[in-house]
Every structure is written in structure tokens, then in C-alpha cells.
Amino acid sequence: MRLNDILQGVEHEIVQGGDCDVKKLTIDSRMVCKGGLFFCITGIHSDGHSFLPQAAEDGAAAAVIDKDQPSYPPGITIVKVADTRKAMSLAAANFYGNPADSLILAGVTGTNGKTSSVYFVESVLEEWRKQHGIITTVDCRACGKPVEIHFATSTTPDSIELHKILRAMKDDGAQYVAMEVTSHALALEKVEGVHYRVAGFTNLTQDHLDFHKDFDDYRDTKKRLYGQCDHAVTNIDDPYGAYMVEGHPCTVTTYSIDKESDLRAVNVQLLDNGVKFDVAISGETVHFSLPVRGRFTVYNALNAIGMCLALGAPADVIAKGLAKVKGVPGRIQSVPSGHDFDVIVDYSHTPDSIENILTTVRETTRGRVIVIFGCGGDRDPIKRPIMGEIAASRADYVIVTSDNPRTEDPASILSQIEVGVKRGSASYELEIDRREAIEKGIKMAQPGDTVVIAGKGHEDYQIFADRTIHFDDYEEAVKVLESLKVRS
């Protein structure tokens with residue numbers, strides 16, 4: 001594809017060279033090939049501008065910069081823009097034929113519940129018999145098949161991969177795509193120029209303050225999504241639900257359990273095998289039933305209901321689709337124990353989410369609630385004691401352990417969590433080794449107890465300073481439970 005065509009709609013200045021053929025886009029200098037277009041991105045730990053000479057040496061046809069350089073390597077076209085990330089999003093869309101323009105997109109943002117909301121929307125799209133794709137923290141699928149396009153980030157892909165994925169989904173026949181849209185994605189311009197038919201907001205609590213300068217910045221970054229959609233669906237029970245859509249031209253549907261709203265859940269039943277509730281839609285009372293536990297499931301379902309109505313799905317189809325939800329890997333996922341106690345794996349890694357999961361299991365647990373959790377390294381340290389206090393206030397026994405310590409000292413992370421645990425009433429212990437912690441928690445369980453293994457959910461790895469190992473909470477729990485069967 002010609003460079004000039006890739007740069008359509010991108011304000012730019014040609015500093016050196018001219019139009020040329022481009023075969024590939026990349027932000028990784030190690031992935032530059034002959035005829036590549038290299039985007040010089042200023043990141044947290046490195047600056048792509050410093051790799052410009054290497055990119056030229058490796059055959060890049062052109063490079064996009066947003067900082068003037070003292071000199072430029074010969075034989076490469078240099079394109080100057082105001083913001084490389086924003087330009088990359090628009091250029092990637094052009095390179096892959098602007099696939100988002102011919103797809104019906106549904107985006108979900110918020111601190112917790114994004115993945116579940118997308119899965120719920122997917123279940124409705126399946127019932128509605130619409131070809132679709134999803135992009136979530138857990139997986140990326142088009143028309144029921146995995147999309148084999150690797151992306152480095154854990155949730156919303158970088159813009160080059162995003163448009164490549166959307167192109168693949170369109171080519172596979174997808175008409176609709178439901179996806180998570182994180183604050184990182186919005187802040188880093190990953191979805192610049194992408195327009196959503198509908199965007200849903202779940203909730204907002206403290207998270208990612210290692211990346212955002214403060215909570216207000218985090219909140220306002222999330223809000224940017226509603227300037228890119230036709231229809232917004234928002235949780236009016238959340239303190240920030242009304243603020244999120246304020247000032248944007250999109251039409252709005254509100255949902256709630258407590259307050260008056262467009263979609264209010266009434267007759268809510270929180271059962272040990274799911275939830276049931278009613279919602280008035282177009283003057284008719286529609287009954288909903290989902291095989292997923294927890295009050296937060298009602299909120300995620302309401303979000304999905306509002307989004308699917310905005311997409312045009314009939315209310316009865318939505319109800320049938322949600323009744324067939326298969327559950328989300330690592331989200332309040334039961335591990336078959338073969339014993340008279342329960343073991344649950346959950347991704348809860350924020351103050352609000354750990355409070356939600358512990359409150360939910362408390363409602364149906366006859367005995368003790370035992371929780372095993374940690375906090376990730378190189379991430380928001382402020383939430384560590386907060387989560388510790390919540391865990392020790394909602395559970396009967398707490399085992400504080402490692403999550404993904406990354407470059408931080410695991411013992412130091414545990415000590416910061418312990419500060420909050422001491423403010424709660426639960427007995428507790430510190431066990432750095434996550435495998436040992438899971439084994440201890442399960443082995444101490446008695447009839448009627450519930451063991452919650454929190455923080456990593458679907459993840460099948462653990463990240464240390466010098467290595468990444470395979471580690472799956474669900475698998476580890478199964479191993480311990482199997483060993484107990486052998487001994488009994």
C-alpha cells in the first residue's frame with residue numbers, strides 16, 4: 001500500500017523523502033522488515049525515536065515521529081505528526097481497509113465487569129443468530145473461532161493489532177463486534193477514530209493509579225469513550241454513572257437496581273446458582289434468569305440488556321440469550337471439589353471487585369469464607385492496604401500471597417497488604433508462594449466453607465522479575481482437591 005494512502009486523514013509533514021510502498025506497520029523496532037512503516041512511540045520505559053537508525057538499517061521504508069531529531073538516517077522517508085499514537089490509529093485503520101466502518105461495534109468500559117458484560121452480549125448475539133466477534137481480557141474470537149493474531153497487551157490491543165483483528169473478523173463474516181475498552185486504550189489513543197454503535201459503562205472504583213496521575217484523570221479518560229458512540233448505556237446506581245455521559249451528544253439509557261432508571265431490575269433474587277430479576281421494557285415486564293451468582297451479575301446483565309436493545313435485539317431474544325450464558329473463565333468460577341465445601345476462582349483484583357466476590361459468597365456460605373489473594377507488582381500500590389482491609393472484614397480467614405510480583409519484592413507487597421489486613425477482624429497469614437497458599441487454603445476448608453482464590457482468574461502465568469512461569473489458579477486448585485481425594 002502506498003504511504004500517501006495510509007496517511008489519508010492524518011495531519012502530517014514530510015520531513016525527508018516521499019511517497020513509497022509500505023508492506024507492514026510496527027511499533028517494535030525488532031519487528032521492522034524491508035518496506036515497513038515504523039512508528040516512533042514514546043513509552044513509559046523507552047522512546048521509539050532512539051531506535052530510528054536501527055529501523056532504517058533494517059530496511060524500513062518510512063518512519064513516523066512526533067519529535068524533531070538532530071539528524072535522520074538516509075534512505076528512509078520521515079513523517080512528522082503532532083501525536084504518533086493518534087496518527088498510528090488512523091493510519092492502521094487505513095492500512096487494513098477501515099474495517100471498523102463496516103462493523104457494528106459495542107464497547108464496554110468501567111473498572112469491573114467489562115469481560116462479563118461482553119460475554120453476556122455475545123450470548124445474546126448467538127441467540128439472535130448474528131455473526132459476531134469479541135475482544136476481551138480472556139480471549140479474542142470471531143464467529144466462534146479463535147482469532148490467531150497475537151497482541152501484547154492484556155485487554156484492548158494496540159491500534160495496529162486492533163484493526164488487523166477487526167479486518168480478520170470482517171473477513172470471517174462478522175457483522176457485530178463486542179469489546180472491552182480500557183482506560184489505557186483511551187489514554188493511549190488505541191481506539192482513536194473508532195466509532196461505536198453503543199458503549200456501556202459498568203462502574204468506577206480505584207484502579208490503575210500507577211498509570212493515571214490521579215482518580216479524576218482515570219475517570220475522565222473513561223468518559224472519553226462516550227464521545228465516540230451513538231448510544232450510551234450507563235449504571236445510574238454508580239456515583240459516576242451520570243457524569244460519564246454528561247455533555248456528550250449520544251442518546252442515553254440508564255440502568256439500576258436501587259434508583260429510578262430506564263432499565264431497573266426489580267424482584268431481584270440472588271440464588272446460590274445464579275440470579276433472577278424482572279425489568280420493564282417498552283411497557284412489558286420481562287423476566288431474566290442467569291446461571292451466574294452475585295448482585296454484580298445483575299448489574300452486568302442490565303448493562304448487556306441496554307446495549308443489546310440499542311443494537312436492535314428483541315427483549316425476548318435477550319432474555320433467552322442471557323439464560324444460556326455459559327459463565328466467564330476466571331469470573332466466580334466454581335472448581336468441582338468432590339467435597340462438602342466450595343472452591344471458587346475469581347479475577348477480582350480491585351477493592352470493589354474483591355468486596356463484591358466476598359459479599360456474594362458470604363450470602364450462600366454456611367461455614368467460613370477463606371480468601372487467598374495478593375496484589376500485582378509495578379501496579380497501583382495505594383489499593384494494597386485497602387484490599388487487605390476489605391478481605392479481612394469480609395472473610396473469616398485471609399491468606400495473603402503473591403500475585404504477579406513483576407520487578408517488586410514479593411515480601412514488600414505482602415507487607416503493604418498486611419497493613420490493611422490488620423485493620424480487619426479476620427485471622428490471617430502471609431505465604432509468598434502462591435502454590436503453597438492455595439494448598440493451605442483448601443486443606444483448611446471444613447464442611448460448609450467457601451475458599452475464594454482471587455486476583456488472577458483466567459490467567460495461566462505468573463510474572464516475576466527474571467522470568468514468567470506457567471501458573472493457573474484453577475489447575476492448582478484441582479491438583480490439591482485431587483490429592484485430598486486420594487488421601488480420603
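Any value given below was found using the heavy atoms of this structure, including those in side chains, with hydrogens, waters and symmetry copies removed. One-based numbering along the sequence shown.
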Check: Are F95 and H163 close enough that their ring centres sit under 6.0 Å apart?
Finding: no

Next item on the list: Go through the structure and list residues passing ring-ring contact (aromatic ring centres under 6.0 Å, His included) with Y474, not counting sequence neighbours.
Entry: none

Item checked: Counterpart residues, side chain to side chain contact (heavy atoms under 4.5 Å, CB included), relative to I160 (two or more places apart) -> L25, I27, F39, M88, A92, Y96

Checklist line | Non-neighbouring partners of A313 that pass side chain to side chain contact (heavy atoms under 4.5 Å, CB included), sequence neighbours left out | finding: V124, W128, C308, I318

Checklist line | ring-ring contact (aromatic ring centres under 6.0 Å, His included) against F277, all qualifying residues, sequence neighbours excluded | finding: F288

Next item on the list: Just grab all the side-chain hydrogen bond (donor to acceptor under 3.5 Å, both in side chains) pairs involving residues 263-274, residues at least two apart or on different chains.
Entry: E260-R264, N267-D278

Next item on the list: For residues K456 and N404, report the shortest heavy-atom separation together with the two atoms involved.
Entry: NZ-OD1, 2.9 Å

Notebook entry, point to check: Quick one: ring-ring contact (aromatic ring centres under 6.0 Å, His included) partners of F341, sequence neighbours excluded?
Noted result: H339

Item checked: Pairs touching residues 241-267 that satisfy ring-ring contact (aromatic ring centres under 6.0 Å, His included), sequence neighbours left out -> none

Checklist line | N356: side chain to side chain contact (heavy atoms under 4.5 Å, CB included) partners, not counting sequence neighbours | finding: F296, D352

Item checked: Results of side chain to side chain donor-acceptor pair (under 3.5 Å) for S116 - residues two or more places apart only -> none

Notebook entry, point to check: For T365, which residues count as a side chain to side chain contact (heavy atoms under 4.5 Å, CB included) partner, sequence neighbours excluded?
Noted result: V361, V369, T450

Item checked: Pairing residues for D220 by the salt bridge (Lys or Arg N to Asp or Glu O under 4.0 Å) criterion, not counting sequence neighbours -> none

Checklist line | Pairs where residues 388-398 contributes a residue and the test side-chain hydrogen bond (donor to acceptor under 3.5 Å, both in side chains) is met, not counting sequence neighbours | finding: E355-R394, R362-D396, E389-R423, Y397-E429

